[in-house]
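Residue numbers count from 1 along this sequence. The structure presented is a predicted model; accordingly, all values stated were derived computationally and were not measured.
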Amino acid sequence: MKIIFAGTPEFARVALERLLAAGFEIPLVLSQPDRPAGRGMKLQASPVKQCALAHGLAVAQPRSLRLDGKFPDEAAAARGAIRAANADAMVVAAYGLILPQWVLDAPRLGCFNIHASLLPRWRGAAPIHRAIEAGDQHTGVTIMQMDAGLDTGDMLLVERLPIAADDSTGSLHDRLAELGGRLMVEALEMAACGGLRPVPQPADGVTYAHKIEKAEAAIDWTLPAVVIARRVRAFNPFPGASTALAGEAIKVWAAHVETDTGADAGAAVPGQVLAVGPLGIRVMTGDGVLVLDELQRAGGKRLPAADFLRGFALTPGQVLDAPATATVAAA
């Protein structure tokens, strides 16, 4: 079976490697254009492009696939490459470009998408982040037959995956990427023999996983501790939950909710540091106490709380996200 593969980040690279290992012929790979990255902001190829080139695969990087859009010449060139590939199917995984109808219609079997959620829950750009942020107990992968809507196509294969209490977006991403690659191989093998049975998505339970914005990373200490803890996990590794003390930014990479809140929390205000020590930094929230376990100063390394405190003066009574002069007497 001939497959065109369209994807860009690490999540998609895992699937591409799986398809290659399974022996599928891939005459063409589509990926987003190279982007500036790193401290030097040098152009860097996507993980999918790097993988494709390492395997000697042809790569196209149009900025758009719309023949009537801003880059019609690039779209037309991509159309020529897609037609020349004469593929049976296209596999799409976190590609990042909208596929016009002419692309959906090009392969004989259409376009199959690897989506990291249990559709119709968490359609959209950030299903892994939003599932953790919302406190979902399970997520999974849906292999979907693509149509013109936003993640609205028929479901072909679905498999659930539990979300662990300590899962971050990073750890859950890696498990979902492996699951997605395996399921896509299964779907294509079933498609080759006519064994797929498309199932329409239910009308109930539709939610949207909106793109993560950097502004969301700022910790609002008036929220309940359980909500902040979920956001810390959801925004790890990007964009990283953040707070500040005396104007200095601090990233919070890991935290947990204190199950037995001490008496010292009674008169504290949200954001107030209650205690510091080798077991973490206890901070009052709008409801409950959050213990900060792993932190990072700007330009520094991620450190367990005990190591972080050796190089950062933090004392009970100080208030995070407050001006330099704002210190509340410790309870």
Side-chain angles (χ1 to χ4, degrees), residues 9-10 34-44 46-47 125-126 128-130 132-133 166-174 210-258 268-286 289-328 330:
E10 177 64 18
D34 297 358
R35 306 289 191 202
R39 290 188 176 181
M41 295 301 288
K42 294 181 179 179
L43 286 178
Q44 184 171 316
S46 71
I128 304 175
H129 301 76
R130 298 306 183 191
I132 292 176
E133 183 185 20
D166 61 350
D167 261 327
S168 66
T169 288
S171 63
L172 188 56
H173 165 281
D174 292 348
H210 297 288
K211 180 181 177 181
I212 301 297
E213 303 292 344
K214 287 186 178 181
E216 296 181 70
I219 296 175
D220 179 356
W221 293 106
T222 65
L223 294 173
V226 291
V227 173
I228 298 173
R230 291 201 304 258
R231 289 188 171 185
V232 168
R233 292 163 48 219
F235 299 155
N236 180 357
F238 175 85
S242 62
T243 188
L245 181 67
E248 180 173 353
I250 303 168
K251 291 280 190 180
V252 179
W253 293 110
H256 69 274
V257 178
E258 187 172 78
V269 299
Q272 182 177 341
V273 177
L274 300 175
V276 298
L279 299 181
I281 300 166
R282 299 174 62 243
V283 182
M284 190 63 198
T285 72
V289 174
L290 188 71
V291 182
L292 312 186
D293 300 313
E294 185 180 358
L295 306 95
Q296 180 183 18
R297 299 178 73 172
K301 297 179 179 179
R302 298 188 186 190
L303 296 171
D307 295 334
F308 178 83
L309 289 168
R310 292 191 182 99
F312 191 91
L314 191 61
T315 57
Q318 290 180 295
V319 179
L320 297 173
D321 269 341
T325 56
T327 301
V328 179

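Checked against side chain to side chain contact (heavy atoms under 4.5 Å, CB included), Asp34 has the following partners two or more places apart in sequence or in another chain: Leu43, Ala45, Lys49, Gln61. Considering only residues two or more places apart in sequence or on other chains, Asp307 meets the salt bridge (Lys or Arg N to Asp or Glu O under 4.0 Å) condition with Arg310. Gln44 is linked by a side chain to side chain contact (heavy atoms under 4.5 Å, CB included) to Ala37, Gln50, counting only residues two or more places apart in sequence or in another chain. The side chain to side chain contact (heavy atoms under 4.5 Å, CB included) test applied to Lys211 returns Ala125, Glu213, not counting sequence neighbours. A search for ring-ring contact (aromatic ring centres under 6.0 Å, His included) contacts involving His173 returns Phe11, not counting sequence neighbours. Under the rule for a side chain to side chain donor-acceptor pair (under 3.5 Å), Thr285 has no partner lying at least two apart in sequence or in another chain. Considering only residues two or more places apart in sequence or on other chains, Phe235 meets the ring-ring contact (aromatic ring centres under 6.0 Å, His included) condition with none of them. The side chain to side chain contact (heavy atoms under 4.5 Å, CB included) check on Arg302 picks up Asn236, Pro237, Trp253, Glu294, Gln296, with sequence neighbours excluded. Remark: Asp167 engages Arg175 in a salt bridge (Lys or Arg N to Asp or Glu O under 4.0 Å) (not counting sequence neighbours).
In this structure a side-chain-to-backbone donor-acceptor pair under 3.5 Å is present from Thr169 to Ala234.
Using a 4.5 Å cut-off on side-chain heavy atoms (C-beta onward), Leu290 and Leu292 make contact. Here the side chains of Leu320 and Val273 are in contact, with some heavy-atom distance below 4.5 Å. Considering only heavy atoms from C-beta on, Phe312 comes within 4.5 Å of Ile250 through its side chain. Looking only at side-chain heavy atoms (C-beta outward), Val319 and Trp221 stay at 4.5 Å or farther from each other.
Legend: salt bridge (Lys or Arg N to Asp or Glu O under 4.0 Å) pairs involving residues 271-281, not counting sequence neighbours: none detected. Among residue pairs with one or both ends in residues 234-253, those qualifying as salt bridge (Lys or Arg N to Asp or Glu O under 4.0 Å) are Glu248-Arg297; sequence neighbours excluded. Evaluation of the salt bridge (Lys or Arg N to Asp or Glu O under 4.0 Å) test over residues 220-238, restricted to residues two or more places apart or in two chains, returns Glu133-Arg231.
The minimum heavy-atom distance between Ala313 and Gln318, with the atom names listed, is O-OE1, 3.9 Å. When all heavy atoms of Gly240 and Ala217 are compared, the pair lying nearest together is O-CB, 3.1 Å. Across every non-hydrogen atom of Ala275 and Pro316, the tightest pair is CA-CG, 4.1 Å.
The distance from the CG atom of Leu172 to the CD1 atom of Ile132 is 5.0 Å, given to the nearest 0.5 Å. Annotation: the span from Leu303 atom CG to Asp293 atom CG amounts to 13.0 Å, rounded to 0.5 Å. Interatomic distance, His129 NE2 to Ser168 OG, rounded to the nearest 0.5 Å: 9.5 Å. Of the inter-residue distances, the one linking His256 atom NE2 with Glu258 atom CD reads 7.0 Å to the nearest 0.5 angstrom.
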